[in-house]
A.B. asks: 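First the structure, then my questions, so here it is.
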Number of protein chains: 2
Amino acid sequence: MRIELAQNVMQRHNAQARENARALMRYNVFAVDVMGAPGAGKTELLERTVEAMARNVRMAVIEGDVCTARDARRLQERGAQAIQINTGGACHLDADMVAEVLEDLSLLDIDLLFIENVGNLICPTHFPSGAAERVIVLSLPEGADKPEKYPAMFQSCSGVLVNKMDLAGVLPVYPAEVVQQIGRVNGEMNIWPVCARTGEGMEEWYEWLHAGLRRFGRYR
Amino acid sequence: MRIELAQNVMQRHNAQARENARALMRYNVFAVDVMGAPGAGKTELLERTVEAMARNVRMAVIEGDVCTARDARRLQERGAQAIQINTGGACHLDADMVAEVLEDLSLLDIDLLFIENVGNLICPTHFPSGAAERVIVLSLPEGADKPEKYPAMFQSCSGVLVNKMDLAGVLPVYPAEVVQQIGRVNGEMNIWPVCARTGEGMEEWYEWLHAGLRRFGRYR
């Protein structure tokens, strides 16, 4: 009985995620889920991305956090349209929360939408938002064992930004080992070693976003 | 109806946690929950602690992870008795999982038991294990905003180890600000700035553990 209840809940979530995906498609909005552990640098990555791409691309960010509006403010300061969702204790965004915010956004004026989830490597895995792609931000200080310890999250994403690469010489963590461990859990993943703080290594990530935008017909 | 179901589940968890606490009391075992984000350095902290205290204190570790037995193996290599719980996708340990393992441990031969939770700053908050104390490991690279963003976790703990202090000069994160932010969310917390990798700053943490052991009558 309890399993059935859980299945019903998941079916409803998945149905709402498909509904969100259709709404995004209707307006040719390319949406990307951004996930990762607390402190991996998800917001910093988006700050840098918004700065770098703002000249050609109209972006918006949905910020998921247990509480505070800190992260939305950070993005707004960079000139992005940013809306904060406070989950009030819940450990992940779900499609209902995202649907509510989509109604408040003028999708016609958005090319690229980022949906930054709550900092958590587990719970968001099984809650699709309706975004076309999902990526994970994994910071070097977290260590090389994270793909193996949280495989479902890595298997649910099409790309991983290995962030804080500027610490490569300082930490007892080897980027090559991180890349190898990611490949063992999901061999299909795009891997982008970056430093969101300095912007180093971000070009391929931007290229991937531009390719997604082209796919969504969002190109002049 | 759904709220009632959730309340019943939580009541059952809390009852099992009290049951665990009684079992630990019966054998004068001082138990400490160790929580924190993925990659905060929880296991490294325990490796270092086991090494430093093994001469006088008999320790055991319960390791919670979504999957792999990596962390238990790491502790075993340091000579600790370590048992791995794989939650199989679940985002936190609960009192039932801990109860099952307690049955396998020879509590008579243990002074100090660490219960390392799954890497997660949210979900473990509301699932007590039965341990007498809870501490959180927060690593400097995670940034100074974590207490404010995950207040419930910080409010549920009596101490926080600010780990990876060796990176203080390298990161754009100021230890004083981290300490200040912790104080704003929970002014009662013990705060121990440490580097688990080198062992620096760990003495006060050991002292706190020894004080707990004395309280539990575990002293020669």
Side-chain angles (χ1 to χ4, degrees), chain A residues 1-2 5 9 36-44 63-71 73-74 86-92 118-126 138-153 163-164 166-167 169-173 178 181 185 197-198, chain B residues 1-2 5 9 36-44 63-71 73-74 86-92 118-126 138-153 163-164 166-167 169-173 178 181 185 197-198:
Chain A
M1 200 277 268
R2 204 188 274 181
L5 182 71
V9 170
K42 298 181 288 301
T43 308
E44 196 164 52
E63 278 290 338
D65 275 301
V66 173
C67 53
T68 82
R70 270 185 105 112
D71 289 355
R73 275 200 307 271
R74 284 172 60 184
N86 280 151
T87 63
C91 48
H92 58 271
V118 177
N120 187 324
L121 281 185
I122 308 162
C123 315
T125 308
H126 303 292
L138 171 71
S139 68
L140 211 55
E142 293 168 51
D145 60 350
K146 294 303 161 293
E148 195 187 349
K149 288 176 76 178
Y150 304 90
M153 172 59 86
N163 193 21
K164 309 193 188 179
D166 55 322
L167 299 174
V170 185
L171 297 170
V173 181
V178 175
Q181 291 293 333
V185 168
R197 190 167 61 81
T198 62
Chain B
M1 198 280 268
R2 206 189 272 182
L5 181 70
V9 170
K42 297 180 289 302
T43 309
E44 195 164 52
E63 278 291 338
D65 275 301
V66 174
C67 53
T68 82
R70 270 186 105 113
D71 289 354
R73 274 199 308 271
R74 284 171 58 184
N86 281 149
T87 62
C91 47
H92 58 273
V118 177
N120 188 324
L121 281 187
I122 309 162
C123 314
T125 308
H126 304 291
L138 171 70
S139 68
L140 210 56
E142 291 169 53
D145 60 350
K146 295 304 162 291
E148 195 188 348
K149 289 176 75 177
Y150 303 90
M153 172 60 85
N163 193 22
K164 308 194 188 177
D166 56 322
L167 299 174
V170 185
L171 297 171
V173 181
V178 175
Q181 292 293 333
V185 168
R197 190 167 61 82
T198 63

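Here is the naming used below: chain letters follow the sequence lines, and residue numbers restart at 1 for every chain.
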A.B. asks: Output all residues satisfying side-chain hydrogen bond (donor to acceptor under 3.5 Å, both in side chains) with B/D145, sequence neighbours left out; order by chain, then residue number.
C.D. replies: none
A.B. asks: Who passes side-chain hydrogen bond (donor to acceptor under 3.5 Å, both in side chains) against A/D71, sequence neighbours left out?
C.D. replies: A/T43, B/K149
A.B. asks: Can you say whether B/L138 sits under 4.5 Å from chain A via the side chain, the backbone, both, or neither, judging by heavy atoms?
C.D. replies: neither
A.B. asks: Please walk me through it: do A/V170 and B/D166 pass side-chain contact (heavy atoms from CB on, under 4.5 Å)?
C.D. replies: CA-CA 9 Å; A/V170 185; B/D166 56 322; 5.8 Å; no
A.B. asks: Of the listed residues (A/G119, A/S139, A/A152), which shares the most heavy-atom pairs with chain B below a 4.5 Å separation?
C.D. replies: A/G119
A.B. asks: Looking at B/G41, B/C67, B/C123, B/G143, which has the largest count of heavy-atom pairs under 4.5 Å with chain A?
C.D. replies: B/C67
A.B. asks: Count the heavy-atom pairs under 4.5 Å between each of B/R70, B/H126, B/R197 and chain A, then report the option with the highest count.
C.D. replies: B/R70
A.B. asks: What is the distance from atom CG of A/D65 to atom OH of B/Y150, rounded to the nearest 0.5 Å?
C.D. replies: 6.0 Å
A.B. asks: So which residue, B/G89, B/A37, B/C91, ends up with the most heavy-atom pairs under 4.5 Å with chain A?
C.D. replies: B/C91
A.B. asks: Against chain B, label A/L167 side chain, backbone, both or neither, depending on which of its atoms sit under 4.5 Å from a heavy atom there.
C.D. replies: side chain
A.B. asks: Nearest 0.5 angstrom please: A/I122 CD1 to B/H92 NE2, how far?
C.D. replies: 9.5 Å
A.B. asks: Under a 4.5 Å heavy-atom cut-off, does chain B meet the side chain of A/L140, its backbone, both or neither?
C.D. replies: neither
